[in-house]
J.: 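First the structure, then my questions, so here it is.
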Amino acid sequence: MARLQAPRGTEDLLPERIPALDFVFETCREVFGRYGYREIRTPLFEETSLFVRSLGEVTDVVEKEMFTVARGETNVTFRPEGTAPVVRAYLEHNLDKVRAFQKFFYMGPMFRFERPQAGRSRQFHQVGVEALGSASPLLDAEVILLAHRCFQALGLANYRVHLNTIGDAADRERFRAVLKAYFTPLMAQRCADCQQRLQRNVFRMLDCKVAGCQPSNRAAPHFLDHVSAATRARFDQSVAILAGLDVPHAVDPAIVRGFDYYTHTVFEVRCHDLGARDTVCGGGRYDGLIEDLGGPALGAVGFAIGVTPTLLALEKQGHPAMRPAERGVPILVAPVGAADREAAFLLTERLRAAGLAADTDYEDKSLKAIFKAADKRGVRLVVMLGGDERARGAVKVKDLQSGAEVELPDDAALAAGLRSRLAPAAP
RNA sequence: GUGGCAUUAGCUCAGUUGGUUAGAGCACCAGACUGUGACUCUGGGGGUCGCCGGUUCAAGUCCGGUAUGCCACCCCA
């Protein structure tokens with residue numbers, strides 16, 4: 001029989017790995033809370049049409065990366081991103097009528113049917129925020145700032161925010177025409193992919209990495225030179241705020257983003273210590289989406305941090321929280337002989353009932369082996385229970401850090417005594 | 001979806017121009033005088049060489065397919 005294995009592009013997060021993940025989740029949760037964002041949890045799957053309508057019919061995600069399940073009348077898709085579900089929930093519960101402006105954050109798994117690679121899998125975790133109901137440029141700055149604060153709090157180094165504006169629909173329509181007019185006579189020197197892009201998504205031609213396409217890209221018209229004065233002003237304001245707050249950033253005309261719903265500010269946070277897949281966070285403004293999904297014409301802006309690439313970057317930078325760690329219990333009750341096993345089990349249970357984290361041996365190990373295991377698991381105190389002690393109604397407690405050993409009466413005060421011995425624990 | 005590289009004990013890897021019982025380090029287990037860890041020493045268990053098929057007297061070593069991972073694309077967190 002073939003060996004059982006997790007489906008392609010998925011992974012098991014073993015216990016040693018969980019602390020690293022929680023470090024990212026909890027750090028971000030704390031930062032989001034400080035900025036007034038509240039957690040929202042939406043289903044892992046949605047009706048397929050939600051993503052088709054929001055992301056756009058011709059985007060890669062919709063065309064070839066959706067995990068879709070059809071059962072009779074229903075057609076659902078495992079969420080490939082978090083924004084559309086949040087907007088859907090916001091509208092479904094009429095939150096726009098209760099209080100139009102609301103800030104949310106979410107953390108959880110997303111799914112895309114892609115070819116796996118390091119930092120890119122078919123099930124991955126994202127931590128994101130969505131500020132719905134306002135078109136204020138201050139919010140564009142706040143959201144970017146928030147991403148920056150998260151990475152700062154995580155202790156990530158060598159990252160930078162790349163941002164750009166893609167204006168509103170009118171700006172883009174105007175520029176699309178300008179770009180097509182510019183590229184059309186130059187198509188002979190463009191690569192095969194760009195031949196598709198001319199019709200499909202001209203903007204992406206500017207981001208082409210093929211060497212032969214570089215000359216015509218360098219001379220290409222700049223979007224910022226063709227946007228309305230209002231678009232230009234709001235973008236400049238956001239950039240100025242970030243500059244004033246020392247957020248490492250760069251205006252990058254190549255940032256275009258893959259989903260149709262984006263407008264105005266779009267950005268990515270990139271970490272230089274990663275390879276070609278260096279984006280650890282992506283986001284932007286999506287002023288048309290709420291209306292597209294049947295709500296009022298309200299602005300919104302958000303981002304998603306990719307937990308996997310973030311962990312990868314922190315690992316490469318040797319972040320201490322990335323070290324595989326076992327969250328062991330601090331107390332291990334060791335039966336000295338076979339006759340002491342049940343008593344040891346019951347003592348362990350009393351300690352747990354008293355609120356202490358404790359464990360005992362279940363493998364009939366020798367005392368020596370129990371000590372070895374205790375040492376490896378980072379146990380602080382070993383509570384020995386043997387014939388001699390039991391005869392005296394006592395237990396022997398050894399502090400593995402100091403090596404000191406004391407005998408304590410096995411009475412109601414034992415738990416408190418152990419607790420006080422744990423208190424001055426070193427990190 | 002495209003192109004390339006990889007796949008040998010739990011982990012990281014050796015394995016010579018295809019040739020007898022496939023190795024190392026770490027990890028694991030057990031010992032080193034009588035109820036005790038971390039250091040040291042000794043010993044031990046553990047591998048259908050990813051899987052299927054082919055070439056050959058003989059394949060971990062060559063060829064094909066397949067699975068998975070990785071790298072670069074597409075695109076993206």
Side-chain angles (χ1 to χ4, degrees), chain A residues 1-11 14 16 24 55 58-65 79-83 107-128 147 191-194 196-197 200-201 204 207-210 255-259 268-271 274-283 302-313 324 332 334-340 363 365-390 396-403 405:
Chain A
M1 193 175 131
R3 259 182 74 140
L4 252 34
Q5 52 185 282
R8 182 169 201 196
T10 66
E11 63 174 341
L14 301 178
E16 296 70 36
V24 173
L55 304 181
V58 297
T59 53
D60 270 52
V61 167
V62 168
E63 282 184 339
K64 54 182 199 189
E65 295 174 3
R79 61 183 189 191
E81 57 99 49
T83 302
M107 21 190 67
M110 304 292 165
F111 308 82
R112 285 184 206 174
F113 197 85
E114 286 190 282
R115 182 132 167 193
Q117 211 174 305
R120 167 208 273 182
S121 43
R122 292 182 172 181
Q123 177 178 337
F124 53 95
H125 280 84
Q126 279 189 351
V127 166
C191 69
D193 285 328
C194 284
Q196 303 294 317
R197 290 179 178 130
R200 199 165 178 256
N201 191 344
R204 223 164 255 298
D207 192 25
C208 189
K209 292 168 189 76
V210 175
I255 303 288
V256 286
R257 310 290 309 155
F259 304 146
E268 289 178 10
V269 179
R270 295 186 185 165
C271 179
L274 294 173
R277 256 209 56 73
D278 60 352
T279 304
V280 291
C281 172
F303 69 70
I305 290 174
V307 176
T308 316
T310 299
L311 288 172
L312 217 56
L332 190 66
V336 171
D340 307 310
E363 296 173 286
K365 284 186 173 173
S366 66
L367 187 63
K368 186 193 189 76
I370 292 174
F371 265 87
K372 275 190 182 177
D375 186 53
K376 278 191 191 87
R377 289 166 56 186
V379 167
R380 178 74 190 281
L381 301 175
V382 173
V383 178
M384 280 168 283
L385 194 60
D388 299 354
E389 291 82 12
R390 286 170 72 190
K396 206 172 271 180
V397 178
K398 180 162 183 176
D399 184 325
L400 293 193
Q401 229 166 64
S402 65
E405 205 170 298

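Everything numeric in this text was worked out from a predicted model, so none of it was measured. Below, read A as the first sequence line, B as the second, and so on, with proteins coming before strands; counting in each chain starts at 1.
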J.: Could you go through nucleotides 25-30 of chain B and list every protein N or O atom that sits under 3.5 Å from one of its N or O atoms, giving the distance for each pair?
T.:
| from | atom 1 | to | atom 2 | distance (Å) |
| --- | --- | --- | --- | --- |
| B:rC28 | OP1 | A:Lys376 | NZ | 3.4 |

J.: For A:Glu81 and B:rA77, give me the distance from atom CD to atom C1', rounded to whole Å.
T.: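 Rounded to the whole Å, the gap is 11 Å.
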J.: Could you check whether A:Val280 gets within reach of a base, just the sugar-phosphate, or nothing at all, counting any heavy atom under 4.0 Å?
T.: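 Sugar-phosphate: the residue A:Val280, judged by heavy atoms under 4.0 Å, touches backbone atoms but no base.
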J.: Taking the C1' atom of each, how far is B:rC13 from B:rU7, in whole Å?
T.: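 Looking at atom C1' only, B:rC13 and B:rU7 are 13 Å apart.
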J.: My validator wants the stems of RNA chain B: runs of 3 or more consecutive Watson-Crick or G-U pairs, both distances under 3.5 Å, written as range with range.
T.: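 Stems (3+ consecutive pairs) listed as B:1-7 with B:67-73, B:10-13 with B:23-26, B:28-32 with B:40-44, B:50-54 with B:62-66.
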J.: A:Glu405 side chain: which of B:rU36, B:rC70, B:rA77 is closest?
T.: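 Out of B:rU36, B:rC70, B:rA77, the nucleotide with an atom closest to A:Glu405's side chain is B:rU36.
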J.: Output all residues satisfying side-chain hydrogen bond (donor to acceptor under 3.5 Å, both in side chains) with A:Lys365, sequence neighbours left out; order by chain, then residue number.
T.: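 Partners of A:Lys365 by the side-chain hydrogen bond (donor to acceptor under 3.5 Å, both in side chains) criterion, ordered by chain and then number, come out as A:Glu363.
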J.: For nucleotides B:rG23 and B:rC63, find the distance between their C1' atoms and express it as a whole number of Å.
T.: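 Their C1' atoms lie roughly 27 Å apart.
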J.: Can you pull every protein N or O that's under 3.5 Å from an N or O on nucleotides 40-42 of chain B?
T.:
none

J.: Over how many whole Å does the gap from A:Glu11 atom CD to B:rA77 atom C1' extend?
T.: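 These atoms are roughly 14 Å apart.
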J.: Assess whether one donor atom and one acceptor atom, taken from the side chain of A:Glu389 and the base of B:rG35, lie less than 3.5 Å apart.
T.: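 Yes, a donor-acceptor pair under 3.5 Å.
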J.: Between B:rC70, B:rA77, B:rU36, which nucleotide gets closest to the side-chain atoms of A:Pro116?
T.: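 For the A:Pro116 side chain, the nearest candidate turns out to be B:rC70.
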J.: At under 4.0 Å between heavy atoms, what does A:Thr10 touch on the DNA or RNA strands: base, sugar-phosphate, or nothing?
T.: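 Nothing, no nucleic acid heavy atom in range.
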J.: Between A:Leu312 (CG) and B:rC70 (C1'), how many Å, whole number?
T.: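 These atoms are roughly 12 Å apart.
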J.: How is A:Met384 classified with respect to the nucleic acid when contacts are heavy atoms under 4.0 Å: base, sugar-phosphate, or nothing?
T.: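 The answer is base, as A:Met384 lies within the cut-off (heavy atoms under 4.0 Å) of a base atom.
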J.: Can you tell me how far P of B:rC75 sits from CG of A:Asp278, to the nearest Å?
T.: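 Taking atom P of B:rC75 as the reference, CG of A:Asp278 is at 15 Å.
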J.: Check the distance between B:rA77's P and A:Ile305's CD1 and give it to me in whole angstrom.
T.: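 After rounding, the reported distance stands at 12 Å.
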J.: Would you state whether a donor and an acceptor, one from the side chain of A:Arg112 and one from the base of B:rA77, lie under 3.5 Å apart?
T.: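 Yes.
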J.: What residues form a salt bridge (charged side-chain N to carboxylate O under 4.0 Å, His left out) with A:Arg390, not counting sequence neighbours?
T.: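 Scan of A:Arg390 (salt bridge (charged side-chain N to carboxylate O under 4.0 Å, His left out), adjacent residues dropped) gives A:Asp340.
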J.: When the P atoms of B:rC39 and B:rC28 are compared, how many Å lie between them, rounded to an integer?
T.: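 The same atom, P, in both gives a distance of 10 Å.
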J.: Can you check the distance between B:rG47 and B:rG10, where both ends of the measurement are the P atom (answer in whole Å)?
T.: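 So the two P atoms sit 8 Å from each other.
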J.: Answer yes or no for A:Arg122 and A:Phe113: cation-pi contact, defined as NZ/CZ to six-membered ring centre under 6.0 Å and angle to ring axis within 45°.
T.: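 Checked: cation-pi criterion met.
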J.: Measure the spacing between CZ of A:Arg270 and SG of A:Cys281 and express it to the nearest 0.5 Å.
T.: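 Rounded to the nearest 0.5 Å, the CZ-SG separation comes out at 12.0 Å.
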J.: Out of B:rU2, B:rG35, B:rU36, which has the shortest distance to the side chain of A:Arg115?
T.: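 Closest nucleotide to the A:Arg115 side chain: B:rU2.
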J.: What pairs with A:Asp399 under side-chain hydrogen bond (donor to acceptor under 3.5 Å, both in side chains), at least two apart in sequence or on another chain?
T.: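 Partners of A:Asp399 under the side-chain hydrogen bond (donor to acceptor under 3.5 Å, both in side chains) test: A:Arg380.
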J.: Looking at residues at least two apart in the chain, or sitting in another chain, which of them share a salt bridge (charged side-chain N to carboxylate O under 4.0 Å, His left out) with A:Lys368?
T.: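 A:Lys368: no salt bridge (charged side-chain N to carboxylate O under 4.0 Å, His left out) contacts found.
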J.: Using the side chain to side chain contact (heavy atoms under 4.5 Å, CB included) criterion, which residues pair with A:Leu274? Sequence neighbours excluded.
T.: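 Applying side chain to side chain contact (heavy atoms under 4.5 Å, CB included) to A:Leu274 gives A:Cys271, A:Asp278, A:Val280, A:Pro309, A:Leu312, A:Ala313.
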J.: Applying the side-chain contact (heavy atoms from CB on, under 4.5 Å) criterion to A:Pro335, which one of A:Leu367, A:Leu385, A:Ile370 satisfies it?
T.: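 Running side-chain contact (heavy atoms from CB on, under 4.5 Å) over A:Leu367, A:Leu385, A:Ile370 with A:Pro335 returns exactly one hit, A:Ile370.
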J.: Between A:Gln401 (CD) and B:rG37 (C1'), how many Å, whole number?
T.: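 Taking atom C1' of B:rG37 as the reference, CD of A:Gln401 is at 13 Å.
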J.: Expressed in angstrom and rounded to an integer, what is the separation of A:Glu114 atom CD from B:rG69 atom P?
T.: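 In whole Å, B:rG69 P lies 13 Å from A:Glu114 CD.
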J.: Tell me what A:Gly9 touches on the nucleic acid: a base, only sugar-phosphate, or nothing, going by heavy atoms under 4.0 Å.
T.: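 Sugar-phosphate: the residue A:Gly9, judged by heavy atoms under 4.0 Å, touches backbone atoms but no base.
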J.: Decide yes or no, distance alone: a donor-acceptor N/O pair under 3.5 angstrom between the base of B:rG37 and the side-chain of A:Lys398.
T.: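 By the distance-only test, yes, there is a pair.
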J.: Assess whether one donor atom and one acceptor atom, taken from the side chain of A:Lys368 and the base of B:rU36, lie less than 3.5 Å apart.
T.: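 Side chain to base: no pair present.
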J.: For the side chain of A:Gln117, counting heavy atoms from C-beta on, which of B:rA77, B:rG35, B:rC71 is nearest?
T.: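 Of the candidates, B:rC71 comes closest.
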J.: Roughly how far apart are A:His125 NE2 and A:Ile305 CD1, rounded to 0.5 Å?
T.: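 One finds 14.0 Å between NE2 of A:His125 and CD1 of A:Ile305.
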J.: Write down the distance separating the C1' atoms in B:rC73 and B:rA14, rounded off to the nearest Å.
T.: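 Roughly 34 Å separates the two C1' atoms.
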J.: Among B:rG35, B:rC75, B:rU68, find the nucleotide with the atom closest to the side chain of A:Asp388.
T.: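 Minimum distance to the A:Asp388 side chain belongs to B:rG35.
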J.: A:Gly387 near the nucleic acid: base, sugar-phosphate alone, or nothing, with a heavy-atom cut-off under 4.0 Å?
T.: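 Nothing, no heavy atom under 4.0 Å.
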J.: Between B:rA77, B:rG37, B:rC74, which nucleotide gets closest to the side-chain atoms of A:Arg120?
T.: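 Within the option list, the nearest is B:rC74.
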J.: With sequence neighbours excluded, tell me which residues meet salt bridge (charged side-chain N to carboxylate O under 4.0 Å, His left out) with A:Lys398.
T.: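 Once residues adjacent in sequence are excluded, A:Lys398 has no partner under the salt bridge (charged side-chain N to carboxylate O under 4.0 Å, His left out) criterion.
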J.: Can you name the residues that form a salt bridge (charged side-chain N to carboxylate O under 4.0 Å, His left out) with A:Arg120, not counting sequence neighbours?
T.: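 Partners of A:Arg120 under the salt bridge (charged side-chain N to carboxylate O under 4.0 Å, His left out) test: A:Glu114.
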J.: With sequence neighbours excluded, what pairs up with A:Thr279 under the side-chain hydrogen bond (donor to acceptor under 3.5 Å, both in side chains) test?
T.: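 A:Glu268.
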J.: Please report, rounded to the nearest Å, how far the P atom of B:rG31 is from the CG atom of A:Leu367.
T.: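 Going from CG in A:Leu367 over to P in B:rG31 covers 12 Å.
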J.: Could you tell me which residues satisfy ring pair (Phe, Tyr, Trp, His ring centres under 6.0 Å) with A:Phe124, sequence neighbours excluded, listed by chain and number?
T.: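 A:Phe124: no ring pair (Phe, Tyr, Trp, His ring centres under 6.0 Å) contacts found.
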